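The structure appears below as structure tokens.
Just so it is clear, the structure is predicted and the values come from calculations on it, not from any experiment. A, B, ... follow the sequence lines: proteins, then strands. Residue 1 opens every chain.
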Amino acid sequence: MFRTNSLPKKEDNLKIVIQKAFQDDYVSREAGEKLRKMFVTAIQNQEEVIVDFGNKAIASTSFFDEGFAKLSLEKIPSEKIKKFIHLKNIHPRDQEICTILCNKRKK
Amino acid sequence: MPSFQLPKIIEDSRIDIYLILLEAIKKHPKIALEFFRPTQISPAGHAILACLCDSIIEQRCAVLWSSKKTGAHSFISLIQSIQEKHNLLPDPSVYDFESESCLFKGIKNGLDLSLIEKIEYKFTLDDNLLFDCKLILNELMQNTISHSGAERYFMYAGKWKNEIHLGVLDMGISIPAKLRQKYVRENDLDYILLAMEEGSTTRRQRMGGFGLYYFHHFLKRNRAKLTLVSGEAQVRYYFHTRKSQKSYLKYPLRGSWCFARIPYQKRRIT
């Protein structure tokens, strides 16, 4: 559903560095919701987003469910999500969780 | 005045002893507590003792400590001095404790990732196990914050006899009491089992929720043991044998205690 380690086409894109933007809380549902809202706004503005995890393990189903999986509930076509959201330096286990949760929400 | 001799090893295998003690603290204005010397305290034991100490202070129960401070386990000395010094509940960080094999933290009002972040540097663990430990603690912490209504909770992580022990304990609203707001089940045991099912949640504004389901999945993957004690029931899951023990408590727990034990391997050096 999400591109990893790919470069967006435009240069003027939104870059979210998880360690900075979510310094004190990168695990809760509230943090995930905040991230999801940033995605929705960016997509509405036709702005590509790079989310840089800095190879840091998040290890939270709540964050990925709220931040990523629930994008399917925002009625944004998955092609658009794939086009506009790029994940960078995500821990492989977090990638796994994200994929599982996104597939669960789609059903 | 009732007298209690605490076991030589304070850990999560015999919870009933501590529940009896909690009941006594509520009922009696004065109790006597005896500790063995030396006393061993598992990582979970620190959290249990902190809960007991909080209860002693809250219930204004006077305690006669029959072990001397000198030569006692350093955490017991800490507990004794906290209990003697405070008439009101102190900030839970007064219980913070770290040793070579244990991280223990008292946390107030919300999220605190510091202990979870420390695990990586403290213990040499396989990368997958490290990730799973972080995930389990993250989920337990968030469940406590979201559902227990407790202002404070205790979190621990540590090594104990070739296992990693992790857990979160709170003395807030029990799991059955919380789930009873939304679901109808026969008894507290059924509510604890419900908490482990996919999709169960008590959230109203935010759609659920995988409850403790995924956490259950990671414990299964690590062939771990999980003990959930809350309200009037207790469930112990043994994932390596795929068996579980379910029982009712003679003395209920006002709160939720979650203990996980995972066999561990040292981090592979590549």
Discussion item. Can you tell me which portion of A:D94 sits under 4.5 Å from chain B's heavy atoms? Options are side chain, backbone, both or neither.
Written reply: both

Worksheet item: For B:E98 and B:K118, what are the C-alpha separation, side-chain angles and deciding distance, and is it a salt bridge (Lys or Arg N to Asp or Glu O under 4.0 Å)?
Response: CA-CA 11 Å; B:E98 184 173 341; B:K118 246 185 179 171; 2.8 Å; yes

Response to the item:
Okay, A:Q23 and chain B: the region with an atom under 4.5 Å from a heavy atom over there is neither

Worksheet entry | Contacting region of A:I97 [heavy-atom separation from chain B under 4.5 Å] | side chain

Worksheet entry | Trace of the salt bridge (Lys or Arg N to Asp or Glu O under 4.0 Å) decision for A:K34 with A:D25 | CA-CA 11 Å; A:K34 179 182 165 187; A:D25 175 11; over 6 Å; no

Fill in: Modelled atom types, side-chain donor and acceptor of B:E139 and A:T61, under 3.5 Å
yes

Worksheet item: Is chain B contacted by the side chain of A:F63, its backbone, both, or neither, given a heavy-atom distance below 4.5 Å?
Response: neither

Worksheet item: Where on B:N128 is there a heavy atom nearer than 4.5 Å to chain A: the side chain, the backbone, both, or neither?
Response: both

Fill in: Identified side chain to side chain contact (heavy atoms under 4.5 Å, CB included) counterpart of B:K225 within the set B:F239, B:Y237, B:Y238
B:Y238

Worksheet item: A:F68 and A:F39: ring-ring contact (aromatic ring centres under 6.0 Å, His included), yes or no, with the steps?
Response: CA-CA 9 Å; A:F68 293 87; A:F39 288 153; 5.3 Å; yes

